[in-house]
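This report concerns only the one structure given below.
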Amino acid sequence: MGRLVWRRFRRHPGALVGSVVLLIIIVSCLLAFLSPYDPLKSDITNRLQPPSLEHPFGTDALGRDLLTRVLYGGRISLLVGFMVVVITLLIGVPVGAIAGYYGGWVDDMLMRLIDSALALPSLMVLILLSAILREIDVPFLQRNNVFTIAFVIGILSWMTIARLVRAIFLTLREMEYATAARALGASNYRIIASEILPNGFGPIIVESTLEIGWAIMEESGLSFLGFGIQPPTPSWGNLLNDAVEHLVKHPWLAIFPGIFIFLTIISVNYIGDGLRDALDPYKILRQIDEI
Amino acid sequence: MLNYIIRRLLQAIPMLFLLSVLLFALVNVVPGGPLAGYGRTRRINPEKIEQLKRQFGLDKPLPVQYLVWLAGNDWMRIDADGDGVAESYGERRGILRGDFGFSFRSRKPVMEEIGDRFKNTVYLMSITLLVVALIAIPIGVISAIKQYSWFDITATTLSFMGQAIPEFWLGLILVLIFYTWLDNPVTGESLLPAGGMYTLGVDFSLLDRVRHLILPVTMGMVGWVAWYSRFLRSSMLEVIHQDYVRTARAKGQIERKVMLNHALKNALIPLVTLFALDFPYIFTGSIYVELIFSWPGMGRLFYDAAVHRDYPLLMGILVISAAFIIICNLLADLAYAYLDPRVRYD
Amino acid sequence: MTSAVIVIPQDPLGFNGLVADTGYEAMVGELVMLAVSEIDPDGNVYPELAVEIPTIENGGVVMDEDAWTMDVTWKLRDDVYWADGEQVTADDLIFTWEAITDPEMGIWVDGVDYTDSLEKVDDFTFIVHYNTVYTSYQTQFGGENFNVYPEHYCDPSQGFTAWDCNRQPLSDGPFILDEWVTGNYLTFSRNENYFEDGKPYIDQIIVRIVPEQSVRKTMMAEGDADMNMWLSEAEAQELSELGNVYVSNAPSERWVFRLIPNLVERGTTDPAGPVHPVLGDVQVRKAIRASVDSDTIINSVFLGYPKPVWTEFFRPPYICDIPRPEYNPEAAKAMLEDAGWSDTDSDGVRECHGCSTAEEGTLMEIELMTYGEYGEELELAHQLVGEMLGDIGFKINLSVIEGSVLWADYESGGLEQTGDFDLNLYDDGYPGIDPTDNQLWYYYYSAAAEPDYGWNVGRWSNADFDALLDEAYTLDEEYRKDLFCQMAEIMDAELPQILLWSAIAADAFSTQLEGGQSTTNDLPTWNVADWKITQ
């Protein structure tokens, strides 16, 4: 079935292009060390230069090469994106599994928890949480740490994954008790167990992928407001924050980091869309019917 | 049905209560305090700090502070002049009686601060949501009806783009283009203003209001339109493939009426619930839009309060926002149950 | 009808600068209310409600040399009236002071600890009895934030901090508040009964709330605004290029950017506590001073507006002749080597090898903090300073912290009060002209190191300095100046703070507004009664 999925994915033009673009971006960011410029070292005599051969993206207010900073910033933003997904899975999967598997009052309570978490005005709580965690010295959560930001965003994003996982485990429980499962006969039962259940994971994979884009967007926003990654460490969001002051006279400072955020998120979204199509249970079932 | 409503409302109350406790703890754990650098001269003195703490009620332990915030302290004796003897009654009535306390910074009642800004945010966000609905619904419907047509493909591509653009970046680019680069060919001034709700000093002018609304509404709506139109499209597609639509067609009604009557109504149901879930934004506003376009609304109020650790204001905004969200979620569920006859929760 | 438009980014939080001090309260306060005395841009105290400034020479100040106390007699003008016709009298001043110092509903101000009582002699005369010699007595009932409130109009039961007349003032100043639409504008009209004949010359003042900096600039360019205050360096540069705008610079500076080192171990609040492993050695502090290139920072990030400052006594009336420290990174490195900090493993960061304050092998690593609310210039300077220190062998961790966390009180976890910092960079300065209390005691006196008592957060303790400062509470100006300069030398030798450069103090006025003058001793509306609009 994996091969089926891959074939369907390949037929999705957006997903293919998106994968290529994302790969290019990731590789460029990883190769940022090849740049002759130091992203943190200032060069005062060259402040605020427009794009040129020497500095393809221009320089910022301290003379630092913007291309280098965008690439290093990409490392941070991408890392935060992936870490957020890991954290949401670490929190969401157990919560959803327990809720779905045990049902009853455990499920009720956990659903209340999820509802309460969803009732929080997210950006507001994000700001407060990051303000707290930036100052308090907790193990693992140090000031200005990538993990801290990812943790903060992750804490407010696990709910959807939890719900999806819960849905799977609810199906599992129903199957255990459904006499229809036995009435269907062993072979169909096996199809259901081996085809439908894994297809419950499909939405989770899609959701996780899309969350990368969402997390990068949140981190950029937080950093833009000044509550995320702090300078001089570049991140796409705080590069945009630096750019606001000079928007009128030196617009390239805002244009380039934003383009990178845009390209990354749109690629991730197309990949997610491709995965969604490829893993679509209806379409797979229909193909099984056709066999 | 009524049972359901009552049950959900009863469930909402303890949730709101618990949320308020959580938010109160959150706000008070944030390091720093409102007494910091009181003013530019940063005078400090333990007596003054004590006095301010007494005035703000910060000298009590946290659970007591929460109780006062909730139920007021006019039924308690407090020590107003710091001599260790609690001799007078407090003046706070608590949020249960509508008293949200006073902002630390401006000493104005929190409700007044919120009230001043609330209408501006509602003004902006309701227009934004209206525009979103007016644009997204037709796009979504047409995309679904004419699936895979050039319209659909263009719309889909645009909506992917719209969902990927960071809102704050879009705002900056809009300001760059329409304020800095483009000029009004007639007056030579900037084509659109860079911020504010209206031009100061002139009388009310609809054109002026619209000019000031164009950029912030555009910034806010792009992501929403992208999301809603796609959602509506897939929702419509799902409905179109349903059996009962085929049945309706078999009955011989004209195709277009079939679409509009059955498909649209049913496709809109999930959209309505989605809309209800986004409705709280009318109150909470968008911090990004308000910051970039200097809109004096709730988002900026929260941001300023957060930076200055203005606890009463923070709590007021957070709790009212959470209440709004809970109510809108409830309404969303109710709307869904009402509109979709197939769904009736027990 | 002539009118002047002032643009500011946010609403004032009232008319009372003592309760909320963003600066805009004082700015509008100057329009409607008067104080007993004020300070002009050159640092001279002049009388406003008072007839003259009491001094020893004119008999207004009587000192008791033995008990070391004094009494100051103020005579008020008898020709000042409130807008409702009532006369401004000593009762109003005494009423104001009592409301301010009310332990229940008041606030803390300068001088309250030194003042025993106020005694009314007649309707226009009162005596202040002090329990010591208070050197700032001349501006105790004046300066930028203090205003005299009307006894017959303000309701003391509401408390000084919350009474209605903070938002609906009764005017005795050049203008009267007409209308205040929050978030939008305030309008003021000429007070016909203002005590200075013929003044004010302008009929109407409009204060517009314009949060967007670019819009304020456009308004000045278009001639739609007449004053834009507290310019940043970039604003000042852009506005000075406009033909219809002039940028007024204050004759002296108030805010000075400085590095504040923690001289004791991080987390300690006792000046006698364990010494800071890196910054406890004065040689290290001297090396820091020698490695910061203030000129480059001034000319690049701050566009050339600030001046280098290296001692607290740099502005009139107290200027001490301390030689300017040299910018010499090589010498700084040599100082560090001498002090026992060398980089034996060639990783760019020095370790302690024979240093006097830390254990062998300790990394020369510190956190350099600043606060975010100033703006981009400070953040860039922060990064530059971090780089310069990194170049001589420090490992610098940069942090930008909110002011409400950095300067909170001890219990709230304020980073400075709890000693939870290494090296801080930000601007500071004292109001008025007398540094004795406001700057010297608060930042350098040993008793000010106690949490919540002062801002000697570096926990510096120098007995000679303390003794000199004790002596400085005297009205003998010559003697004081001499004491100050002796203190300046101690501060230059020990570097409890490393002063770097001053901050810009400039406001923009339209060319049709005559008389605008920036000042660091007050808000730019200090002389609004003298402004003229020439069409």
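Naming: A, B, ... by sequence-line order, numbering from 1 per chain.
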Heavy-atom cut-off 4.5 Å, strictly under: side chain, backbone, both or neither for [X] against chain A?
X	answer
L26(B)	both
L291(B)	side chain
L277(B)	neither
S286(B)	neither
L18(B)	neither
F160(B)	both
L19(B)	side chain
L170(B)	neither
Y303(B)	side chain

Closest contact, heavy atoms only, [X] versus [Y]:
X	Y	result
P121(A)	S321(B)	CG-CB, 3.7 Å
I255(A)	W169(B)	O-CZ2, 3.4 Å
P166(B)	M217(A)	CA-SD, 3.4 Å
R230(B)	R276(A)	NH1-NH1, 4.3 Å

If you count heavy-atom pairs within less than 4.5 Å of chain B, which of L225(A), I216(A), V125(A), L123(A) leads?
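Most pairs with chain B among the choices: L225(A).
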
Choice from L240(A), L118(A), D115(A) maximising heavy atom contacts with chain B below 4.5 Å:
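The candidate making the most pairs under 4.5 Å is L240(A).
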
Using a heavy-atom cutoff of under 4.5 Å, enumerate the residues of residues 262-275 of chain A that contact chain B, numbered in order, or state 'none'.
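If one takes a 4.5 Å heavy-atom cut-off, the residues of residues 262-275 of chain A near chain B are F262(A), I265(A), I266(A), N269(A), Y270(A), D273(A).
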
Residue, of I287(B), I173(B), L16(B), that accumulates the most heavy atom pairs under 4.5 Å with chain A:
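Maximum pair count with chain A is reached by I287(B).
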
Residue selection (most heavy-atom pairs with chain A, distance under 4.5 Å) from L22(B), T157(B), T156(B)
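Looking at each of L22(B), T157(B), T156(B) in turn, T157(B) comes out on top.
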
Any side-chain heavy-atom pair of L128(A) and L314(B) under 4.5 Å:
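L128(A) reaches L314(B) side chain to side chain.
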
